[in-house]
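Here's the structure we're looking at; comments come further down.
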Amino acid sequence: MPSRPIPGRTFPAPRGPRPMRRSRYFLPTLKETPAEAQIVSHRLMLRAGLVRQHAAGIYNWLPMGYRVLDNIKRIVEQEQDRTGAIEILMPTIQSAEFWKESGRYEDYGREMLRITDRHEREMLYGPTNEEAVTDIVRQTVKSYKDLPLNLYHIQWKFRDEVRPRFGVMRGREFLMKDGYSFDLDEEAGRRAYHKMFVSYLKTFQRLGLKAIPMRAETGPIGGNLSHEFLILAETGESQVFCHRSLLEKSIPEDVDYDADLEPVVADWTGVYAATDEMHDAAKEAELGDDLITARGIEVGHIFFFNTKYSAPMKAEVVGPDGATGPLYMGSYGIGVSRLVGAIIEASHDEAGIIWPESVAPFRVGLINLKVGDAATDNAAGDLYRRLQAAGVTVLYDDRDERAGVKFADMDLIGLPWQVIVGPKGVAAGQVEVKNRRTGEREEMPLAGVVARFASSH
RNA sequence: CGGGGCGUAGCUCAGCCUGGUAGAGUGCCUGCUUUGGGAGCAGGAUGCCGGAGGUUCGAAUCCUCUCGCCCCGACCA
């Protein structure tokens with residue numbers, strides 16, 4: 001009997017090669033800056049064809065932007081998984097019922113987008129998920145043996161900002177990773193907080209950013225222990241003050257998330273760092289020349305808030321002593337869509353975006369300088385196929401445009417490497433490889449290109 | 001939510017004050033020339049002048065209302 005696939009045991013095939021020829025791709029770049037954009041990341045995101053505005057603070061993600069978003073998301077997931085956190089997906093539309101239970105339905109104010117369904121039930125588009133996740137856990141987690149637990153998801157949120165601005169950096173709709181830790185007691189809860197603290201350092205490092213943890217106000221989320229992670233950029237929304245040494249501080253290579261991470265946290269929090277609302281002016285004189293005053297963009301925020309939600313919502317477990325008590329919770333956010341803008345703020349030049357390799361939409365931009373010239377077409381087309389076959393993400397600019405147009409466009413979209421194939425070089429068996437960040441150019445044999453990119457990653 | 005500004009071609013903007021048949025640059029299409037950093041020449045297409053109402057012989061232009069977007073402040077991941 002011929003074997004047939006067993007239902008339920010088949011797996012989807014990996015996504016095959018997608019069109020990455022510029023001539024057939026969807027990448028609407030702009031030569032001029034749309035009038036609505038003020039800050040550099042917003043301008044570049046529009047010009048480089050990453051996003052288009054749908055309404056105030058709400059954006060369409062075009063292919064290039066979506067790829068970056070996806071890359072950031074994957075790194076966040078990997079670093080979360082590494083700590084033992086577990087990914088779930090909660091809904092965007094929530095029932096008001098849970099928010100009434102926690103007492104936040106009234107508190108949250110007009111930032112919350114409230115919706116009424118056809119049965120006149122009060123719903124809302126979730127701005128965050130403490131209530132939703134607490135409800136899941138209280139239904140299912142009954143014993144200390146199920147702890148510790150850390151659930152996270154990456155989901156679109158909505159906060160009806162009075163005044164959205166700065167493109168995706170402060171939109172109303174935004175993609176956010178939010179994680180929630182559940183522990184038996186305060187001490188275990190603090191351990192969970194420390195894990196997240198360290199994993200955030202790792203995550204932002206992998207994203208090519210230097211994020212500095214700073215003591216923060218706890219805001220409407222509530223709680224008593226909280227840090228914001230900020231990257232320094234001229235266009236940052238808040239004023240920050242910190243000790244110079246934080247910019248040089250190293251991040252542990254291999255982190256054992258089962259170990260006690262308190263010393264790492266202590267090392268990072270032992271020196272002064274504060275946003276303006278937490279700033280102590282007396283520290284300025286004390287730090288002297290070691291004080292750095294700058295603008296910062298918040299890219300992550302972690303809270304430990306004890307039993308703020310578990311107590312009113314009765315999320316309780318039985319401990320080893322047989323006593324029932326509320327869970328100790330923390331919550332941990334990373335602004336995934338905001339990071340796209342934040343990375344650009346931190347990494348660009350006059351010509352355009354400079355993507356860190358880890359998040360770049362394509363690693364290599366291949367430029368055919370003379371479309372229509374048989375030798376050049378062959379050489380570039382061959383490189384395109386071989387790079388793809390070697391697993392290198394490559395965008396091939398095969399448009400019949402002038403060289404200058406393609407150079408300018410490639411610089412604008414900021415792929416880390418440009419491989420430039422022209423008729424003169426091809427005749428000599430050479431191509432040029434340009435590093436977008438440093439501007440360094442290197443002539444190399446055509447035959448060596450694939451190995452160069454396939455090996456170094 | 002307070003204050004200010006702007007909606008005219010895909011994009012950047014002029015025209016509005018002082019009403020009289022819709023403009024420029026760029027982009028797009030065609031042809032020729034050009035071809036390693038956003039080329040040149042010639043030709044071409046493109047607009048409910050955000051929407052509704054009003055004034056007027058006639059409204060992009062004046063008046064009223066309305067919708068949208070942007071900026072400063074307060075707020076915020």
Side-chain angles (χ1 to χ4, degrees), chain A residues 28-39 42-43 46-47 49 52-58 108-112 126-129 154-179 200 211 216-221 226-231 236-238 275-277 296-303 331-342 350-352 367-373 376 397 399-412 418 420-426 430-432 434 439 441 443:
Chain A
T29 54
L30 296 169
K31 203 164 167 179
E32 286 174 286
T33 304
E36 76 240 32
Q38 294 300 311
I39 63 165
H42 191 193
R43 286 203 284 255
L46 293 167
R47 286 229 291 135
R52 278 293 133 90
Q53 181 162 309
H54 173 90
I58 302 178
Y108 221 93
R110 305 240 283 152
E111 280 210 345
M112 179 185 276
T128 175
N129 288 64
I154 296 178
Q155 178 63 291
W156 292 93
K157 308 281 191 293
F158 197 92
R159 290 184 193 170
D160 198 0
E161 299 279 346
V162 200
R163 192 188 154 209
R165 63 184 119 171
F166 305 150
V168 300
M169 296 248 291
R170 178 134 173 236
R172 294 145 89 202
E173 188 186 51
F174 56 99
L175 188 64
M176 178 171 157
K177 187 287 290 189
D178 45 323
Y200 272 39
E217 280 191 304
T218 52
I221 311 269
S226 174
H227 288 90
E228 284 179 15
F229 289 75
L230 294 105
I231 62 165
E237 67 232 300
S238 44
T275 58
D276 48 1
E277 63 261 23
I297 300 169
E298 184 182 344
V299 288
H301 202 157
I302 60 179
F303 304 85
S331 81
Y332 314 93
I334 291 179
V336 176
S337 51
R338 156 176 279 205
L339 272 163
V340 179
E350 290 296 299
I367 300 178
N368 180 341
L369 282 182
K370 191 159 186 177
V371 171
D373 176 80
T376 313
D397 194 344
R399 293 173 305 166
D400 187 9
E401 289 284 353
R402 296 177 60 81
V405 172
K406 296 197 220 189
F407 285 135
D409 232 35
M410 202 56 93
D411 284 347
L412 173 64
Q418 295 174 13
I420 300 157
V421 182
K424 285 173 228 153
V426 168
Q430 298 275 306
V431 296
E432 189 174 289
K434 177 181 153 183
R441 295 148 182 282
E443 289 281 337

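We name chains A, B, ... by the order of the sequence lines, and we start the count at 1 in each one. The shown structure was predicted, so the numbers you read here are calculated from the model rather than taken from an experiment.
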Item to complete: Not counting sequence neighbours, which residues clear side-chain hydrogen bond (donor to acceptor under 3.5 Å, both in side chains) with A:Glu237? List them please.
Response: A:Arg338
Fill in: Residues forming a salt bridge (Lys or Arg N to Asp or Glu O under 4.0 Å) with A:Glu161, sequence neighbours excluded
A:Arg170
Fill in: Side-chain donor-acceptor pair present, A:Asp411, A:Gln418, cut-off under 3.5 Å
yes
Worksheet, complete the sentence: RNA chain B nearest-nucleotide lookup for A:Leu175 and A:Ala35: closer to the 5′ end is A:Ala35
Discussion item. What is the separation between atom CD on A:Glu32 and atom P on B:rC11, rounded to the nearest whole Å?
Written reply: 11 Å
Discussion item. Tell me the interatomic distance from A:Met176, atom CE, to B:rC76, atom P, rounded to whole angstroms.
Written reply: 15 Å
Worksheet item: Which nucleotide, in any strand shown, forms a Watson-Crick or G-U wobble pair with B:rG68, with both distances under 3.5 Å?
Response: B:rC6
Fill in: From A:His301 atom NE2 to A:Leu230 atom CG, the distance as rounded to the nearest 0.5 Å
9.0 Å
Worksheet entry | B:rU35: pairing nucleotide in any strand, Watson-Crick or G-U under 3.5 angstrom | none
Discussion item. With rounding to the closest Å, how many angstrom separate the C1' atoms on B:rG47 and B:rC28?
Written reply: 15 Å
Fill in: Under 3.5 Å on both distances, the Watson-Crick or G-U partner of B:rG73
B:rC1
Worksheet entry | For A:Phe158, ring pair (Phe, Tyr, Trp, His ring centres under 6.0 Å) partners two or more places apart | A:Tyr125
Worksheet item: What does A:Gly352 touch in the nucleic acid at a heavy-atom separation under 4.0 angstrom: a base, only the sugar-phosphate, or nothing?
Response: nothing
For nucleotides 65-68 of chain B, print each protein N/O atom paired with a nucleotide N/O atom at under 3.5 Å, atom names and distance only.
none

Fill in: Interatomic distance at C1', B:rA22 relative to B:rC13, whole Å
14 Å
Worksheet item: With a 3.5 Å cut-off and just heavy-atom distances, do the side chain of A:Arg170 and the base of B:rC76 make a donor-acceptor pair?
Response: yes
Fill in: Atom pair distance, as rounded to whole Å: CD in A:Glu228 and C1' in B:rC76
10 Å
Response to the item:
Heavy atoms of A:Pro127 and A:Phe174 approach each other most closely as O-CZ, 4.3 Å
Discussion item. According to side chain to side chain contact (heavy atoms under 4.5 Å, CB included), who are the partners of A:Pro34, at least two apart in sequence or on a separate chain?
Written reply: A:Leu30, A:Glu36, A:Leu46, A:Arg47
Response to the item:
Re B:rA22: Watson-Crick or G-U wobble partner, both distances kept under 3.5 Å, found to be none
Worksheet item: Rounding to a whole Å, what distance do you find between A:Phe166:CZ and B:rC75:P?
Response: 14 Å
Practice prompt. Produce a footprint string for nucleotides 30-44 of chain B: one letter per nucleotide, 5' end first; B if the base is under 4.0 Å from any protein heavy atom, S if only the sugar-phosphate is, - if neither.
Written response: ----B-BBBB-----
Worksheet item: When the C1' atoms of B:rA52 and B:rC11 are considered, how many whole Å apart are they?
Response: 28 Å
Item to complete: Using a 4.0 Å heavy-atom cut-off across all strands, classify A:Glu36 as base, sugar-phosphate, or nothing.
Response: sugar-phosphate
Worksheet item: Once you round to the nearest 0.5 Å, how far does CZ of A:Arg399 lie from CD1 of A:Ile367?
Response: 9.5 Å
Practice prompt. Please name all residues satisfying salt bridge (Lys or Arg N to Asp or Glu O under 4.0 Å) with A:Arg441, sequence neighbours left out, ordered by chain then number.
Written response: A:Glu432
Discussion item. How many whole angstroms separate atom CD of A:Gln53 from atom P of B:rG10?
Written reply: 17 Å
Practice prompt. State the pairing partner of B:rA60; accept Watson-Crick or G-U wobble contacts with both distances under 3.5 Å, and report none otherwise.
Written response: none
Worksheet item: If we take the C1' atom in both B:rU46 and B:rG36, what is their distance in whole Å?
Response: 34 Å
Discussion item. For the NZ atom of A:Lys424 and the CG atom of A:Leu369, what is their distance to the nearest 0.5 Å?
Written reply: 9.0 Å
Discussion item. I'd like the P distance from B:rG40 over to B:rG27, given in whole Å.
Written reply: 8 Å
Discussion item. Using the ring pair (Phe, Tyr, Trp, His ring centres under 6.0 Å) criterion, which residues pair with A:Phe229? Sequence neighbours excluded.
Written reply: A:Phe197, A:Tyr200, A:Phe204
Item to complete: Using the C1' atom on both, measure B:rU18 against B:rC71 and round to a whole Å.
Response: 30 Å
Worksheet item: Starting at NE2 of A:His42 and ending at P of B:rC71, how long is that distance when rounded to a whole Å?
Response: 8 Å
Worksheet item: C1' atom, B:rC69 versus B:rC62: distance in rounded Å?
Response: 24 Å
Discussion item. Assuming nearest nucleotide by heavy-atom distance, tell me which of A:Val162 and A:Ile39 is located more 5' along RNA chain B.
Written reply: A:Val162
Fill in: Separation between the P atoms of B:rU8 and B:rA45, rounded to whole Å
23 Å
Practice prompt. Please name all residues satisfying salt bridge (Lys or Arg N to Asp or Glu O under 4.0 Å) with A:Glu173, sequence neighbours left out, ordered by chain then number.
Written response: none
Practice prompt. Give the rounded distance in Å between these two atoms: CZ of A:Arg43 and P of B:rC11.
Written response: 17 Å
Discussion item. Suppose we define a pair by two distances each less than 3.5 Å, Watson-Crick or G-U wobble; what does B:rA14 pair with here?
Written reply: none
Practice prompt. For B:rU30, give its Watson-Crick or G-U wobble partner with both distances under 3.5 Å, or none.
Written response: B:rA42
Discussion item. I need the CD-C1' distance between A:Gln38 and B:rC69, as an integer number of Å.
Written reply: 12 Å
